[in-house]
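Let me begin by presenting the structure, written as structure tokens, before commenting on it.
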Amino acid sequence: MPTRTPPLYEEVASLRREIERHNRLYYGCDAPEITDAEYDALFRRLQALEAAHPELRTPDSPTERVGAVPAERFRAVRHTLPMLSLANAMAEEDVREFEERIRRILELAHGADVGYVAEPKLDGLAVELVYERGRLVVGSTRGDGTTGEDVTVNLKTIASVPHRLERASVRAPEVPERLEVRGEVILTLAGFQRLNAERTERGEPVFANPRNAAAGSLRQLDPAITAGRPLELFCHSAGAIEGARFTTHWDFLASLAQWGLPTNPLNRRCPDLATALRQYAALVATRDTLPYEIDGMVLKVDELRLQEILGQVSRAPRWAIAYKFKAQQAETRVLEIVASVGRLGTLTPVAELEPVVVGGVTVRNASLHNMDEIARKDVRKGDTVVIERAGDVIPYVVRIVREKRVGRPRKFRMPERCPVPGCGGHVVREEGEAAYRCVNAACPAQLKSRIRHFASRGAMDIDGLGEKLVDQLVAQGLVHDFADLYRIETATFAGLERMAEKSATNLSTAITASKRPDLDRFLYALGIRHVGEHLARVLAERFRDIRAVLAADEAALLETQGIGPEVARSVRAFADDPKNRALVARLLEAGLEPQAPVPATGALAGRTFVLTGGLASLTRGEAESRILRAGGRVSGSVGKNTSYVVAGADPGAKLARARKLDIPVLDEAAFLELLGTA
Ligand code: IVH
């Protein structure tokens, strides 16, 4: 039977329904089902139909609005000026058309250039911050563009969000009476990977991309959860402003920086389109080296007077465009679907792929996350799939290419027995959980990853205990649990493959040196379900002793701010398991002495630090936690109460401000020295 082409209005109505649904999934639930590119395609098709048939246009079409209505659990905040969206350019040609339109409207003479500011398009969550007389009074999400959600307390937990604006120098413009500034909250790629790994271990649905993870992290009813996530803010545009005037967007950005607001270091002023296009090429080239995701370049007419003349059409300004990067996608074939076993015994399905180059990197595996994801995407062995790579995130399967399926391949089934050589333990799926687990606690794969976690930098920080070595220690039966590490002689290490005398000695020294860990690191190292670095700190501060943590009943745990029922249950379950109690006892017997945190009386007590620029030896999160552990405080902006500004590579305006206020500036070496004595 020939397929009937749906009448136009039917197609338009169905496109609107689809787009509305995806809007809800994207903005309301932070869980999109399609990629941005697929969404853009639907949206453009609807726009094209409406443009060709104006009689089909309606005021409630999604093309007339931005996003979905705000979730109900947060207080609604009305934006003084609507938060607009951006029109997209997919190719250079679209950007040239964008400039042509501008030239026509402005009636520019041939040869006269339009000046631009080119900024990376940050793939995060748009927010608006309102400062009154320099004080942060409210912060909200974009919501539907008109009304957003009040996330002030959550935004305040982000280190780079200043609670107060202060001029960096006498030459800086006065802080305005009222400043509404917009920006993007993003999650670093490393933070995204860590978060998803933790969620996979817990059998929770994973975030599809860093943007959703950032949104999910910011829209938390419990700000303690937001505080534990490595979020950052970059300001990029203005709302209503009282008490300051600018002539160009570039000046506006410069003023923001001088008031202590973070702006992106890759923003560039471009005198003409040719320069802007070169900047696009430069961004494409650096994209993969950035610690966060960008998905294009935003090109903005620099002169505000011209912006005003250009105005806006329905949902987007005519003076700006988002020149999107080509998605780093490729098609390939699934050779096999296998289960890989993680630290807590979780079996994660992984697609082994016919090797394919995506964005210059050869990809051989893609995560399928869990059985629900496989079922939703219906991925089977032999299928042709579209995979996507974002920055250095593990690639994932976007969808299958159904037309290319050959025959009726069998669905993937989780093995009933653990596939790890030497294990064969039972695989179970616990009630209400998406994850399958190998229940054999002695499973070599689990043991190996638990030991790697125990020795990792955020945990016991045992240098030299790498993957290959752990493999040997487990394979040769030298280590059955963490406590065994403290019993191995240097000579035994020296006898292992690829271990020189010197590295064996260094390793023994590192193991001995780890015997006085901070209590929070020790708790984190134990690998208790749900207890990440942040919650380990919370537990350590509240209970101050490992025995007290293990003895705490659920009620006592629940009284602790930041600990919810799930975490409380998990800590209890860990403590109630005789095997775990024996393990902790053996570690203490081996001479481990976890150290209680030293809050107000620590060596850095009473001192406030502001960090600017990148450090070579520590991440921002590590630096902050070292300061906090020594009793110090970390602030996002430089003020009279700042004790030290720590300046790494590429410091921002905070450094200038510190110099101006005569606040001591520490370089990385001086900072490490201070921490060393703390
Ligand atoms: S300017 C009217 N600049 O992209 C212009 N937006 O698709 C308003 N975005 O909602 C935004 N990076 O959340 C601007 N450098 C940048 C941006 C940026 C990311 C987001 C922003 C906006 C969305 C529009």
Side-chain angles (χ1 to χ4, degrees), residues 23 26-27 30 32 36-37 39-40 43-44 47 62-63 65-68 70 79-90 94 98 102 116-129 139-149 151 155 180-187 209-212 214-215 218 231-241 249-250 252-253 256-257 261-270 276 279-280 283 287 290 292-302 304 306-308 310-325:
N23 276 347
Y26 188 84
Y27 291 102
D30 306 320
D36 288 358
Y39 177 86
D40 285 346
F43 202 90
R44 284 168 153 244
Q47 269 179 330
T63 56
R65 285 182 295 112
V66 187
H79 307 300
T80 314
L81 300 175
M83 289 180 77
L84 300 176
S85 189
L86 290 167
N88 286 336
M90 296 301 175
D94 301 337
F98 159 77
I102 289 175
Y116 297 100
V117 173
E119 303 173 8
K121 184 164 194 302
L122 305 159
D123 202 7
L125 180 76
V127 294
E128 178 171 77
L129 304 170
S140 56
T141 60
R142 178 169 70 165
D144 65 0
T146 310
T147 308
E149 299 161 326
V151 286
L155 280 168
E180 295 176 4
V181 62
R182 281 126 188 222
E184 209 76 3
V185 169
I186 55 162
L187 187 74
N209 52 47
R211 194 213 83 89
N212 296 106
L218 191 64
L231 296 167
E232 295 217 27
L233 170 77
F234 288 112
C235 296
H236 54 51
S237 51
I241 301 176
H249 178 62
W250 186 254
F252 165 71
L253 290 176
L256 294 183
L261 284 160
T263 54
N264 195 283
L266 296 169
N267 294 343
R268 294 287 180 272
R269 192 175 212 176
C270 304
Q279 176 58 12
Y280 179 80
L283 282 180
R287 173 184 193 188
L290 297 178
Y292 46 82
E293 246 196 278
I294 63 175
D295 61 349
M297 179 178 88
V298 182
L299 197 55
K300 302 174 180 177
V301 171
D302 192 16
L304 300 182
L306 301 184
Q307 285 192 5
E308 213 168 301
L310 290 163
Q312 68 185 64
V313 269
S314 61
R315 64 199 288 268
R318 261 193 292 237
W319 45 262
I321 197 157
Y323 185 5
K324 300 290 274 289
F325 293 147

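What's counted below: heavy atoms across the whole structure, side chains too, no hydrogens, waters or symmetry copies. Just follow the structure's listing: the first ligand is 1, and inside any ligand the first atom is 1.
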Check for a donor-acceptor pair, side chain of [X] on one end and backbone N or O of [Y] on the other, with a separation under 3.5 Å.
X      : Y      : value
Asn88  : Lys324 : no
Asp302 : His249 : yes
His79  : Thr141 : yes
Gln307 : Val301 : yes

Next item on the list: For residues Asn264 and Pro120, report the shortest heavy-atom separation together with the two atoms involved.
Entry: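 Heavy atoms only, the tightest pair is OD1-CG, 3.4 Å.
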
Check: What pair of heavy atoms forms the shortest contact from Met297 to Ala276, and how long is it?
Finding: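 Minimum heavy-atom separation between Met297 and Ala276: CE-O, 3.4 Å.
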
Check: Is the closest basic N to carboxylate O distance between Arg211 and Glu293 below 4.0 Å?
Finding: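 Glu293 and Arg211: not salt-bridged.
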
Using a 4.0 Å heavy-atom cut-off, say whether [X] meets ligand 1 through its side chain, its backbone, both or neither.
X      : answer
Arg182 : neither
Glu119 : side chain
Met83  : neither
Ala316 : neither

Next item on the list: Just need the protein heavy atom nearest to atom 24 (C) of ligand 1, so name the residue and atom and give the distance.
Entry: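 Checked against all protein heavy atoms, atom 24 (C) of ligand 1 sits closest to Leu86 N, 3.5 Å.
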
Checklist line | Protein heavy atom at shortest distance from atom 18 (C) of ligand 1 | finding: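 Among all protein heavy atoms, the one nearest atom 18 (C) of ligand 1 is His236 NE2, 3.4 Å.
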
Proximal ligand 1 atoms for [X], defined as those under 4.0 Å from one of its heavy atoms:
X      : result
Lys121 : 4 (O), 7 (O), 12 (N), 19 (C)
Arg142 : 10 (O)
Pro120 : 12 (N), 15 (N)

Checklist line | Ser85 vs Arg142, side-chain contact (heavy atoms from CB on, under 4.5 Å): CA-CA, chis, key distance, verdict | finding: CA-CA 10 Å; Ser85 189; Arg142 178 169 70 165; 4.1 Å; yes

I want to know if ligand 1 touches [X] in the polar sense, i.e. an N/O pair below 3.5 angstrom.
X      : result
Lys300 : yes
Leu122 : yes
Glu184 : yes

Margin query: Taking a cutoff of less than 4.0 Å between a non-hydrogen atom of the residue and any ligand atom, is Pro317 in contact with ligand 1?
Written below: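 Yes; Pro317 lies near enough to ligand 1 that a heavy-atom distance drops under 4.0 Å.
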
Next item on the list: Give a yes/no verdict on whether any heavy atom in Ala322 is under 4.0 Å from an atom of ligand 1.
Entry: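 Heavy atoms of Ala322 never come under 4.0 Å of ligand 1.
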
Next item on the list: Go through Asn267 and Trp250 one step at a time and tell me if the side-chain contact (heavy atoms from CB on, under 4.5 Å) criterion holds.
Entry: CA-CA 9 Å; Asn267 294 343; Trp250 186 254; 4.2 Å; yes

